[in-house]
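Read through the structure below, which is laid out as structure tokens, and then see the notes.
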Amino acid sequence: MKPLQILFCSLVIVAGAASAQTIGIVTTPAGSFSNSAGQAIAKVLAEKAKLRAIVQAQASTGFEEVESGSADFNVSNSFDATFFATGTGEYQGQGKHPVMRYAGALIPYRVAMHVRADSGIKTIGDLKGKRVSSDFNAQKTIARIIEAHLANAGLAYQDVVKVPAPNVVRQAEDFMSGKVDVLFFALGSAAIKQANASVGGLRVLEVDTSAAAMQRTQALLPGAYVLQVAPSPAIEGVTQPTHLIAFDMALITTAKVSDDVVYRVAKALHDNKQDLVATFPPFGLFQPQNMAKPLLGVPFHPGAMKYYREIGLMK
């Protein structure tokens, strides 16, 4: 090949690499459920949407990073996105955040309270007087979810021994070191697998599905619902069909992100479920036809709406 041809080919390669737009995706800390999901999303966006996605693990919720523009998307839970956008819940008194937008619903978060397999704790009600992680100053959502599980059994934080932790990953470390008696986490998380191996097995505590119990739970977690989870080699701590709390994982962005980028993201995720599953198996629960499910208090991004209307998920 002649020198001029080599130079031309090199310029084409450089131009091609530069043409892949870079976006940031905020998740909770490394090893968490949303972080693992974010890694799978980033891989699919790079391969299918030609977007170079950088996953930014944060100790906090990450909404501020998205709002400020230092990131473009946030893998969140649905109720926390509602609270932040509307200035309610943990964000009471901090004002509304009208720039926040919704790109679509992803995986159901199936969450649970886990104990050691040989623990004498058999129900959530048995946690009365036991050591339970609390505060979560860097990730207050976790304290709310734990509180909702306690409320399901008619308990509150005042009924347990509170052990402060900054975030969900530190809580897992405290459980493995014996500082607390119960571990909250989403099923399928890397931290759960690590804890299961570390303590010689886990057991999930089932929730009460009665109307009164669920009313107490939903008062703290708007939009939460119950799912029955069957035993699976991929799920630690579930040995029989078990009722657990669930809520949706939401992909959050802002009005500042271009319609084109959000359109490409929505399309890539909707059209490539199997690629997502290949990287993070819990995406097997992902139902692409549910991506246009509304989110209380957070309007859809126009780019997402355009794609969902094209494929008939929205009018």
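This structure is a prediction, so every number in the text was calculated from the model and none was measured.
The backbone N or O of Thr141 lies less than 3.5 Å from no partner atom in the side chain of Asp80, so there is not a single donor-acceptor pair. The main-chain N or O of Ala165 is never found under 3.5 Å from a side-chain atom of Gln171 such that the two would form a donor-acceptor pair. Put simply, the side chain of Asp208 gets close to the backbone of Ser210: a donor and an acceptor are under 3.5 Å apart. At distances below 3.5 Å, not a single donor-acceptor pair connects side-chain atoms of Arg101 with backbone N or O atoms of Ala255. Put simply, the side chain of Asn290 never gets that close to the backbone of Lys293: no donor and acceptor are under 3.5 Å apart. Side-chain N or O atoms of Lys306 include none that pairs as donor or acceptor with a backbone N or O of His301 at under 3.5 Å. A side-chain donor-acceptor contact under 3.5 Å links Arg144 to the backbone of Leu220. Formation of a donor-acceptor pair under 3.5 Å by the Arg131 side chain with backbone atoms of Val161 is not found in this model. The closest donor-acceptor contact from the side chain of Ser70 to the backbone of Val66 lies at 3.5 Å or more, if one exists at all. Not a single donor-acceptor pair under 3.5 Å links the side chain of Ser189 to the backbone N or O of Ile192.
Between Leu227 and Ala246, the shortest heavy-atom distance links the atoms CD1-CB, 3.7 Å. Of all heavy-atom pairs between Val44 and Ala268, the closest is CG1-O, 3.8 Å. The nearest pair of heavy atoms linking Phe73 to Ala103 is CE2-CB, 4.4 Å.
In this model, a donor atom of one side chain and an acceptor atom of the other lie less than 3.5 Å apart for Tyr307 and Asp271. Counted by atom type alone, Thr27 and Asn35 present one or more donor-acceptor pairs between their side chains at under 3.5 Å.
With a 6.0 Å radius and a threshold of 12 heavy atoms from other residues, nucleotides or ligands, Lys256 has its NZ atom above the threshold. Other residues, nucleotides and ligands contribute at most 12 non-hydrogen atoms within 6.0 Å of the NZ atom of Lys96. Heavy-atom contacts from other residues, nucleotides or ligands closer than 6.0 Å to CD1 of Ile54 number more than 12.
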Using side chain to side chain contact (heavy atoms under 4.5 Å, CB included), reason through Ile235 and Val229 one step at a time and then give a plain yes or no.
CA-CA 9 Å; Ile235 302 174; Val229 178; 3.6 Å; yes
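Relative orientation of the Phe280 and Phe33 rings is perpendicular, given thresholds of 30° and 60° on the angle between their planes. Relative ring orientation between Phe300 and Tyr102 is described as tilted, the plane-to-plane angle lying within the 30° to 60° band.
No close placement of the Phe83 and Tyr91 rings is indicated, their centers lying 6.0 Å or farther apart. Taking the six-membered ring for Trp and the full ring otherwise, the centers of Phe63 and His97 sit at least 6.0 Å from each other.
Both the sub-6.0 Å distance and the 45° axial angle are satisfied by Arg116 relative to the ring of Phe175. A cation-pi arrangement is present between Lys162 and Tyr157, with the terminal nitrogen or guanidinium carbon under 6.0 Å from the aromatic centre and inside a 45° cone about the axis.
Not counting sequence neighbours, the partners of Ser32 by the side-chain hydrogen bond (donor to acceptor under 3.5 Å, both in side chains) test are Thr28.
Sequence neighbours left out, not one pair with a member in residues 55-69 passes salt bridge (Lys or Arg N to Asp or Glu O under 4.0 Å).
Rounding to the nearest 0.5 angstrom, the gap separating the CD atom in Glu206 from the CD atom in Gln240 is 7.0 Å. Here CD1 of Ile41 is found 5.0 Å from CG of Leu106. Values are rounded to the nearest 0.5 Å.
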